[in-house]
Amino acid sequence: MLLALALVGCGAAPDAASTSQIARGERVFRRCTACHTIGRYAGDTDGPNLYGVLGGPVGERRPRFAYTAGLKALGGTWDAARMDQWLANPRRMVPGTTMAFAGLADPKDRADVIAYLETQRP
């Protein structure tokens with residue numbers, strides 16, 4: 001009994017709240033699949049494959065994808081804060097981007113998509 005109590009919360013599995021957030025993020029992300037893939041070995045389409053985007057470099061992660069000069073110039077790494085800003089309004093963050101998506105106005109939708117993207121990396 002004591003061992004069971006000691007092990008509660010020690011696993012890597014997400015709790016129910018984060019599991020539901022990830023599921024919501026996956027549903028919201030379906031909008032992105034008009035231009036993006038997210039499989040480990042999937043290719044690029046109109047937009048780059050987004051598997052492993054969080055933690056990856058901005059504007060250079062997919063060597064065969066033609067990123068815009070503005071995105072390349074932005075540089076840095078895709079972290080949650082930067083991804084939140086991008087998802088809110090890509091054209092405001094990077095003027096001249098060719099990404100046609102207007103953005104996700106709802107901060108909860110953005111947080112859910114970011115939670116989902118966190119699960120889509122090595």
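Keep in mind that this is a model prediction, so the values were computed, not measured.
Side chain of Arg61 to main chain of Tyr51: a donor-acceptor pair is present (N/O by atom type, distance under 3.5 Å, no hydrogens or angles). Although no hydrogens or angles enter the test, the distance criterion places no donor-acceptor pair under 3.5 Å between the side chain of His36 and the main chain of Asn49.
Under the 4.5 Å side-chain criterion, counting only non-hydrogen atoms from C-beta, Arg62 is not in contact with Val53. Between Leu117 and Trp78, every side-chain heavy-atom pair lies at or beyond the 4.5 Å cut-off. For the pair Leu104/Arg31, a side-chain contact is recorded, criterion being any heavy-atom separation below 4.5 Å from C-beta on. The closest side-chain heavy-atom distance from Val94 to Met99 is not below 4.5 Å.
Atoms CD1 and CH2, from Ile114 and Trp86 in turn, are 13.0 Å apart once rounded to the nearest 0.5 Å. Leu71 CG to Met93 CE: the interatomic distance, rounded to the nearest 0.5 Å, is 7.5 Å. Distance check, rounded to the nearest 0.5 Å: OG1 of Thr33 to CD of Glu26 gives 10.5 Å.
Scanning both residues, Pro122 and Arg40, for their nearest heavy atoms gives CB-NH2, 3.7 Å. Leu87 and Phe101 get closest at one heavy-atom pair: O-CE2, 4.4 Å. Heavy atoms only, all atoms of each residue included: Ala102 and Pro90 are closest at O-CD, 3.8 Å.
Listed by chain and residue number, Arg121 satisfy the salt bridge (charged side-chain N to carboxylate O under 4.0 Å, His left out) test with Glu118 (two or more places apart in sequence, or in another chain).
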| field | Step-by-step side chain to side chain contact (heavy atoms under 4.5 Å, CB included) determination, Leu74 to Arg82 | value | CA-CA 11 Å; Leu74 182 63; Arg82 184 170 264 191; 4.3 Å; yes
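Applying the side chain to side chain donor-acceptor pair (under 3.5 Å) rule to pairs touching residues 90-117 yields Gln21-Asp112, Arg24-Asp112, Asp84-Arg110, sequence neighbours excluded.
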